[in-house]
Amino acid sequence: MTLKDLVIKNRSFRAYDESFKFTEDDMREFVELCRYCATSGNQQALKFYIAWERDEVDAIAKCTHWGKDRPYPGINPSGFIVILQDNDIDKRAWAWWRDAGIAAQTILLRAAERGLGGLMIGSFDKKPLRDVTKLADNLKILLVVAIGKPTEGSVLEDMGEDGSTLPYRDENGVTHVRKRLLDDLIVKRG
Ligand SMILES: Cc1cc2nc3c(=O)[nH]c(=O)nc-3n(C[C@H](O)[C@H](O)[C@H](O)COP(=O)(O)O)c2cc1C
């Protein structure tokens with residue numbers, strides 16, 4: 001599979017087969033890839049909280065907000081990786097959000113490579129999520145990444161003439177994600 005194939009396969013999924021299980025080693029392997037990623041100033045100020053046991057995964061899912069009415073029990077992912085900023089290493093907020101994005105995309109590309117899928121979640125309830133994960137005070141939550149075996153498909157299509165980028169679901173439960181055209185992304189030379 002080419003990198004382009006993986007990037008296209010790597011959609012945001014919001015329904016999963018809960019019978020699929022991760023082990024702790026599976027979760028550690030995702031984080032290991034983040035170890036090799038670029039970080040601002042090579043500070044490596046990110047830390048990762050991994051969850052793969054059903055009760056904890058369900059508890060974390062309840063603290064997150066997904067498109068529309070998701071998630072709900074029965075279609076939760078099989079694991080979560082909560083990406084954290086370690087303030088004891090560096091407190092500069094501007095850098096670590098970028099690092100978190102790089103790490104999250106790396107995790108999701110590995111999931112796609114394994115025939116799995118996931119979702120980046122920037123919308124979460126901080127206090128309940130801290131309570132579930134019992135994080136130390138120096139760890140700030142930046143981003144949550146869900147991973148699992150998706151049960152719903154998602155396809156890309158070019159942005160239509162109405163100019164809307166809003167994803168929509170068809171009658172078969174397939175989500176259509178509209179992307180701007182390449183020529184609309186590249187700024188015209190002056
Ligand atoms: C940094 C970031 C945070 C996101 N947070 C959420 C979120 O909180 N809830 C959610 O349902 N989707 C979230 N998404 C997923 C986007 O909604 C999704 O990327 C968009 O709908 C396009 O779909 P695609 O990823 O399949 O291209 C997030 C995406 C990114 C990159």
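When reading the values below, keep in mind they use all heavy atoms of this one structure, side chains included, and skip hydrogens, waters and symmetry mates. Atoms within each ligand, like the ligands themselves, are counted from 1 in listed order.
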Would you mind checking which non-hydrogen protein atom is closest to [atom], with the distance to 0.1 Å?
atom: atom 19 (O) of ligand 1; result: Ser12 OG, 3.2 Å
atom: atom 13 (C) of ligand 1; result: Met120 O, 3.1 Å
atom: atom 22 (C) of ligand 1; result: Val177 CG1, 3.8 Å
atom: atom 8 (O) of ligand 1; result: Ser123 N, 2.9 Å
atom: atom 3 (C) of ligand 1; result: Gly122 N, 3.7 Å
atom: atom 10 (C) of ligand 1; result: Arg14 NH2, 3.7 Å

- Assess the pair Phe22 and Phe30: is the distance between their ring centroids shorter than 6.0 Å? yes
- Query: Yes or no on side-chain hydrogen bond (donor to acceptor under 3.5 Å, both in side chains) for Ser164 and Arg178, after CA distance, side-chain angles and deciding distance?
  - Reply: CA-CA 8 Å; Ser164 171; Arg178 294 181 276 202; 3.3 Å; yes
- Heavy-atom side-chain proximity of Val145 to Leu108 below 4.5 angstrom: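 Side chain of Val145 against side chain of Leu108, heavy atoms only: contact under 4.5 Å found.
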- Note on the structure: At under 4.0 Å between heavy atoms, what of Leu119 touches ligand 1? The answer is side chain
- Using a heavy-atom cut-off of under 4.0 Å, does the side chain or the backbone of His65 touch ligand 1, or both, or neither?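 Looking at His65 and ligand 1, just backbone atoms fall under 4.0 Å.
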- Query: Taking 4.0 angstrom as the limit, do Lys149 and Glu18 come out as a salt bridge?
  - Reply: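 Looking at Lys149 and Glu18, the cut-off is not met.
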- Message: Between Lys127 and Asp131, does any side-chain N to carboxylate O distance fall below 4.0 Å?
- Response: yes
- Taking only heavy atoms of Arg11 into account, list the atoms of ligand 1 that are under 4.0 Å away from them. 24 (P), 26 (O), 27 (O)
- Message: Whether the Asp58 and Asn76 side chains hold a donor-acceptor pair (N or O, under 3.5 Å, no angle test) is what I'd like checked.
- Response: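 Yes, Asn76 and Asp58 have a side-chain donor paired with an acceptor closer than 3.5 Å.
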- Fit a plane to each ring of His176 and Tyr168, take the angle between them on a 0 to 90° scale, and name the class: parallel (under 30°), tilted (30 to 60°) or perpendicular (over 60°).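 His176 and Tyr168: parallel rings.
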